[in-house]
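One structure is given here, and the rest of the page talks about it.
Each residue takes its place number in the sequence, starting with 1. Just follow the structure's listing: the first ligand is 1, and inside any ligand the first atom is 1.
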Amino acid sequence: MSIESVDVSVTSPGRNFVTLKITTSDGVVGWGDATLNGRELAVASYLSDHIASTLIGRDEDRIEDTWQYLYRGPYWRRGPVTMAAIAAVDMALWDIKAKKAGMPLYQLLGGASRSGVRVYAHASGTDYQALANAITGYQELGFTAVRVQTGVPGLGQIYGVSAAGPGVRYDYEPAKRAADGRAATAPTEETWDTNAYLAHMPGVFDRIRQDFGTDLRILHDGHHRMSPIEAARFAKDIEPYKLFWLEDCTPGEDQTALRLVRQHSTTPLAIGEVFNTVYDYQTLITERLIDYVRSAVTHTGGITAMKKLLDFAAIYGIRSGIHGPTDISPIGMAAALHLDMAIHNFGIQEYMPHNEATLNVFQTSYTLDNGFLHPGDEPGLGVSLDEEAAAGHEYTKAYLPVNRLIDGTVHDW
Ligand code: EZ4
Ligand code: CO
């Protein structure tokens, strides 16, 4: 049998998603996620203009060969656009193979290493009380791990903090359309002050430990905003609060920055949501500078590449913490859950529930039970796109924000 058609669709049920559909000559359909937040059409074009025709007639069973063909073949390698496109093809081919085998994908990856996947939820609030209410709400739902982000006095809207009031938990969406809901023409801009942040956050973690005790797994995301020495001091300052991890404390390109942080602190470190190949981790893993790999399956070349990356990390005692924000479609989320089930060195999985409109467009079979997700036992990934429903949501350009320091200097967002 062979690949008969390759179709790319872009839909926007509240936010944009790029989906790849591969159909074989005997009618088996595989789905892949190629969503790259704020740069969706670049990946859609890479797939439809450059990749699709090269796949027609290929043997759908040759997943490794197809991966190498798309990675090594075109000469130009790596980068988020290329690797998201390869990821979508890879996911779709694994979906097809598992459907043909009549098994959920995690069975083909070695079978279940656990009964469910522990997830962390996103608790945020513009002030401490709103944050504490959100944490309590998640605990009541059965979650055992939360990422905590809060407003910083003197700053306005910042990354990771829901603009809505207390009680609303599931609504953080950084990619912004225009105020009237139509296509944006440029990113919004936010203001940042690292000194204010560094002064404020340790007290927040202190209050959380006082109010919620030692059992709660606390995660926090620094969104690449600290210099190496700032991050080292921060990681040391928050050591008493025993975080599960500190994420993205320094800019992602600078692997050796984390040597300095490591020298000064035992706060566990996670990084990698903007990475796209194992080479972004080479120094980090071999020098044991991190504790968790944060890549998204969608942005790091798919299941084939992620399995190798996580096996490599396992040799160094490093665990998974796969990226799972709402800009990963339910297809990319399912791919993550099958890997999470199968690998030995699973750490934790990020989980931000998709909105109702998204879940009307994508049919999912994963389930949430008391803070643990399970990918379900349908053959394949267990997720599909309702193409008719998807066609009702036209692509609407949205951008991630741009970030500036108080004096106007462009800073990492
Ligand atoms: O800002 O996915 O840990 N999660 C995050 C995310 C990212 C978005 C960017 O598209 O930092 O919320
Ligand atoms: Co992050």
Salt bridge check, Glu378 against Lys99: does any charged N sit closer than 4.0 Å to a carboxylate O? no
Indicate yes or no: does Lys308 engage Glu64 in a salt bridge with an N to O separation below 4.0 Å. yes
Hey, is Arg78 close enough to Asp280 for a salt bridge, meaning N to O under 4.0 Å? yes
Aromatic centroids of Phe205 and His220 separated by under 6.0 Å: yes
Is there a donor-acceptor contact under 3.5 Å from the side chain of Glu173 to the main chain of Arg15? no
Do the side chains of Arg262 and Glu287 get close enough for a salt bridge, i.e. N-O under 4.0 angstrom? no
For atom NE2 of His50, decide whether the heavy atoms of other residues, nucleotides or ligands shown that lie under 6.0 angstrom number more than 12. yes
If you compare all heavy atoms of Ala34 against all heavy atoms of Leu47, which two are closest, and at what distance to 0.1 Å? CB-CD1, 3.7 Å
What does the list of residues with a heavy atom under 4.0 Å from ligand 1 look like, ordered by chain and number? Asn37, Arg147, Tyr172, Asp221, His223, Glu247, Glu273, Arg294, His323, Pro325, Asp327, Glu350, Leu400, Trp413
For the Co ion (ligand 2), how many protein N, O or S atoms lie at less than 2.8 Å? 3
Between Ser162 and Ser124, the two heavy atoms sitting closest are N-OG, 2.9 Å
